[in-house]
Peer 1: 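I'd like to ask some things about the structure below.
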Amino acid sequence: MEKKLQPILEKLEKEFGTAVSEYRGDTSAVLPAEKIVAACQRLQDLGFELLSALTAVDYWPEEKPRFHVIYQFTSISLNLVLTLRVPVPGIKPSLPTISHIFRNANWRERELWDMFGIKFHGHPDLRRILMPADWEGHPLRKDYPLGYEEPQFTFNYEEINLRKPYAKE
Amino acid sequence: MTDIQEITVQDLKHLVSERAIQGETVLLNMGPQHPSTHGVLRLLLELDGEVVVSCIPDIGFLHTGIEKNMEAKTYAKAEVMSDRLDYMNTVGNNLAYSLAVEKLVDLDVPARAQSIRVILTELQRFASHLVWLGTSALDLAAMSMFLYCFREREYILDVMEMCSGQRMMTTYIRPGGLWRDVPVEFEAAVRDILKKFPKRIDEYEALLTRNPLMLDRTYGIGKLTGEECLNFGVTGPMLRASGIAWDLRKDRPYCGYEQYDFKVPTRTEGDVYARYLVRLEEMRQALKIVQQALDKMPLGPVRSQNRKYVPPPRSEIGVSMEALIHHFKLWTEGYSAPKGAIYSAVESPRGELGVYLESDGGPKPYRIHWRTPSFDNLQSLPAMSKGVLVADLVAIIGSVDIVLGDVDR
Amino acid sequence: MGIEQKLGNLGVATTTLEQAVAWSRTNAMWPMLFGLACCAIEMMSAQAAHYDMSRFGMELMRPSPRQSDLMIVAGRVTRKMAPVLRRLYDQMPEPKWVISMGDCASCGGVFNNYAIVQGVDEVVPVDVYVAGCPPRPEALIHGVLRLYEKVQSMKFAEVKS
């Protein structure tokens, strides 16, 4: 673990009760959902100016927690990186927004709503961003099918030809 | 297949200004098919005459579902899809994926492979900046730049084809090293490039840098300060043109970049002209890095010897039983990564390209997320384009250097 | 036979109406700019100086569908983009042709999932398929020349009005 990160982690642990772990040189801290806005504001004051990534993982069929939302911060002045993980339950998943602190969280949270169905309270403009506006379902969840279509080889050429929806003029 | 939807002003009430609802300003669709949007980007412009009052980007027309598709394939097969994300920086995408997998499974890479990786990545950076220069100059109606830049690109694509057989989607950089060693003509071809290209960059500078038309169209347009850039999550040449010298190759080095001596160009104005100058200087620095890497290239193997993850050479399969078993296991089942999650980032020509890779102990990536730079860079477009003319908006979009495969994944 | 001997040096050529129409169509076929993804870069390379497509009549790419007669679908078509593609195809005036460039436009390519239309022939009728990921500029030019052969062998009555 990098030496400059140590005092910051101690502050986080004292104020928010995080659990710190390390894997292959990456440090990550787990904290509960209601404290995330205060923690992000505190990290921005401590020198982490850049929100590098905001993504989520789906652990279906495990229900508690079903999602982990991951915040990746980079500090340019101190040359450090830090990960925060927030567990989110599967029934009506929701989190408070941080788009007023880091403005690139705006589209990233829209992407999480689109792909996972995690709602963000206080987000100014929560609508679908990557899929069409009337799409149903949240594609990156583990219980959403891939949409795999059977490839057409020579042995099944005729039968797939019959049911493939070719365009009319 | 969904139908085209009619959107009224009421749906977008919260995004446009008051005047649109009263009907004073016009909502114009700069649609997905447009010559200046560099791909399938849709912009909803609220116009007061020729002046843009607000600009709402609508993305997702190239969303390919790569992240979900990679979860269904083994680690070796998923790399093929990583080329097609940011299709201007295909070698860089392969490098980002390989570094992430190597970090997750703790795999070593020999020194010769590191230097060849650096050479190819810097050549790819040069090629990506050439396409940027050609297309954004084409938007400003400098048509000969387009032809010059694509002429230069052919030399670099010849080198890629010589190494891997493919011009663009090479999949040459794999976890553990490279696919195979470079052929004997590689060094001569790269030295030829290093001899010819500096004069060509001087030609471009002579055409554009002090051209009064270029200065009129780009100087002072689309300014962003350093703090605004960081707040928007903007990285790459846009951030460096606004004054903050953050380059992952220098500050968090990977792949042996600490041994090479190069400058990170920075300017303070933060407008379209500053970004043009920063990228032009980056092209020269890329050639400098290639020169040093080529001179210092050591001899040795190009693949790791760890047979659990890297297949053995074909000649060994006939004589060694372990090699045959390793080959069989790698081709049928694929290698499994230990349980855990990492984040690893490289510097692509557009900014910070990060990979978040999580594994549950199986042969397929459980969750892979690509932090692509153009997604965040594009978010700053509405803020940069308040009060500019539509023609200036075209210049600003060119300077952001978006690649829609990067934005939509 | 007789009239050519008499007209001989006057600089008059005789041909059939279909041949004349096919000659005029193929000598200046203007493609519509429809580059979507990676194949668009190879299409731009084919247009640039090294593999020049202007030799075959495609001097420039028209962004407006009303002024073009060939649509080269270069790149992957997503389900969000498919209705836009159909609308642009409907806006092109007859006679029109479609080249599906690359694997993703022909059959879905590497991507077999929820977001990509598995072959653009589910949306528009295609005349020539060019395979490759991305196809080399020479492959695209070969596809264009095959389209010219197809146009030259088209009878007048076949063209829909």
Side-chain angles (χ1 to χ4, degrees), chain B residues 1-5 31-36 38-40 42 58-70 72-73 77 80-81 83-88 90 127-128 131 134-135 138 143-144 146-155 157-158 161 166-169 403-405 408-409, chain C residues 32-52 54 60-65 71 73-89 91 102-104 108-117 122-123 132-139:
Chain B
M1 192 163 82
T2 58
D3 265 328
I4 299 187
Q5 300 209 298
Q33 193 253 357
H34 192 278
S36 307
H38 296 273
V40 278
R42 177 169 177 236
D58 184 15
I59 61 176
F61 289 94
L62 203 60
H63 174 67
T64 326
I66 289 185
E67 295 181 1
K68 190 164 178 89
N69 214 341
M70 276 189 172
K73 297 188 182 239
K77 292 183 186 173
V80 169
M81 306 191 116
D83 279 298
R84 282 130 179 109
L85 277 168
D86 173 0
Y87 37 86
M88 296 319 312
T90 57
S128 166
V131 173
T135 50
L138 189 65
M143 259 172 80
S144 28
F146 175 73
L147 296 172
Y148 288 168
C149 291
F150 274 78
R151 173 192 66 183
E152 255 65 276
R153 216 173 111 84
E154 291 298 325
Y155 290 108
L157 292 178
D158 278 342
E161 189 174 4
Q166 253 271 29
R167 279 156 60 105
M168 276 168 70
M169 316 296 177
V403 169
L404 266 299
D408 291 338
R409 271 164 280 129
Chain C
M32 184 172 81
L33 242 180
F34 212 81
L36 296 165
C38 348
C39 285
I41 311 292
E42 289 292 48
M43 189 167 70
M44 289 201 279
S45 285
Q47 188 76 30
H50 202 89
Y51 306 97
D52 198 4
S54 319
L60 24 67
M61 303 223 161
R62 287 284 174 208
S64 162
M71 181 155 87
V73 183
R76 42 195 190 248
V77 181
T78 61
R79 300 220 179 260
K80 195 169 178 182
M81 190 67 191
V84 180
L85 178 66
R86 182 73 211 185
R87 188 182 253 195
L88 285 167
Y89 177 76
Q91 283 178 343
D103 283 344
C104 292
V110 200
F111 306 108
N112 196 344
N113 55 23
Y114 59 91
I116 296 283
V117 173
E122 290 186 13
V123 182
C133 192
R136 285 191 66 117
E138 293 126 326

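Proteins get letters first, then strands, A, B, ... in listed order; numbering begins at 1 in each. Since we're looking at a predicted model, the values are computed, not measured.
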Peer 1: Report which part of C:Leu85 has an atom under 4.5 Å of a heavy atom belonging to chain B: side chain, backbone, both, or neither.
Peer 2: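 Contact with chain B is absent: no heavy atom of C:Leu85 under 4.5 Å.
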
Peer 1: Can you tell me which of C:Cys104, C:Ser64, C:Ala48, C:Cys38 forms the most heavy-atom pairs within a distance under 4.5 Å of chain B?
Peer 2: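 Answer, by heavy-atom pair count under 4.5 Å with chain B: C:Cys38.
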
Peer 1: Could you check whether any side-chain N or O of B:Thr90 sits under 3.5 Å from a backbone N or O of B:Met168, counting only pairs where one atom can act as donor and the other as acceptor?
Peer 2: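 Answer holds: yes.
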
Peer 1: Check C:Tyr114 against B:Gly65 and note the closest heavy-atom contact, atom names and distance.
Peer 2: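 C:Tyr114 and B:Gly65 have their closest heavy atoms at OH-CA, 3.5 Å.
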
Peer 1: Sort C:Ile116 into side chain, backbone, both or neither according to what part of it lies under 4.5 angstrom from a heavy atom of chain B.
Peer 2: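 Side chain of C:Ile116 only, per the 4.5 Å heavy-atom cut-off to chain B.
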
Peer 1: Please state whether the side chain, the backbone, both or neither of B:Ile59 comes within less than 4.5 Å of a heavy atom of chain C.
Peer 2: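 For B:Ile59, backbone heavy atoms alone lie under 4.5 Å from chain C.
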
Peer 1: Any chance you could lay out the salt bridge (charged side-chain N to carboxylate O under 4.0 Å, His left out) test for B:Asp58 and C:Lys80, step after step, and finish with the verdict?
Peer 2: CA-CA 11 Å; B:Asp58 184 15; C:Lys80 195 169 178 182; 3.6 Å; yes

Peer 1: So which part of B:Phe146 gets closer than 4.5 Å to some heavy atom of chain C, the side chain, the backbone, both or neither?
Peer 2: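 When you check distances to chain C, only side chain atoms of B:Phe146 fall under 4.5 Å.
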
Peer 1: Which atoms of C:Ala40 are under 4.5 Å from chain B, going by heavy atoms: the side chain, the backbone, both sets, or neither?
Peer 2: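 No part of it gets close to chain B.
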
Peer 1: Side chain, backbone, both or neither: which part of C:Cys133 has a non-hydrogen atom closer than 4.5 Å to chain B?
Peer 2: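 For C:Cys133, the contact with chain B is made by backbone and side chain together.
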
Peer 1: Could you pull out all residues at least two apart from C:Ser45 that satisfy side chain to side chain contact (heavy atoms under 4.5 Å, CB included)?
Peer 2: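 With neighbours one apart ignored, the set is B:Phe150, B:Glu154, B:Arg167, C:Glu42, C:Pro137.
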
Peer 1: Can you name the closest pair of heavy atoms from C:Val117 and C:Arg79 and give their distance?
Peer 2: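 Shortest heavy-atom separation between C:Val117 and C:Arg79 comes out as CG2-NH1, 4.0 Å.
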
Peer 1: When only pairs under 4.5 Å are counted, which of B:Asp83, B:Leu147, B:Leu157, B:Leu62 shares the most heavy-atom pairs with chain C?
Peer 2: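 Winner by heavy-atom pair count: B:Leu62.
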
Peer 1: Could I get the full list of salt bridge (Lys or Arg N to Asp or Glu O under 4.0 Å) partners for B:Arg409, not counting sequence neighbours?
Peer 2: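 Partners of B:Arg409 by the salt bridge (Lys or Arg N to Asp or Glu O under 4.0 Å) criterion, ordered by chain and then number, come out as A:Glu111, B:Glu67.
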
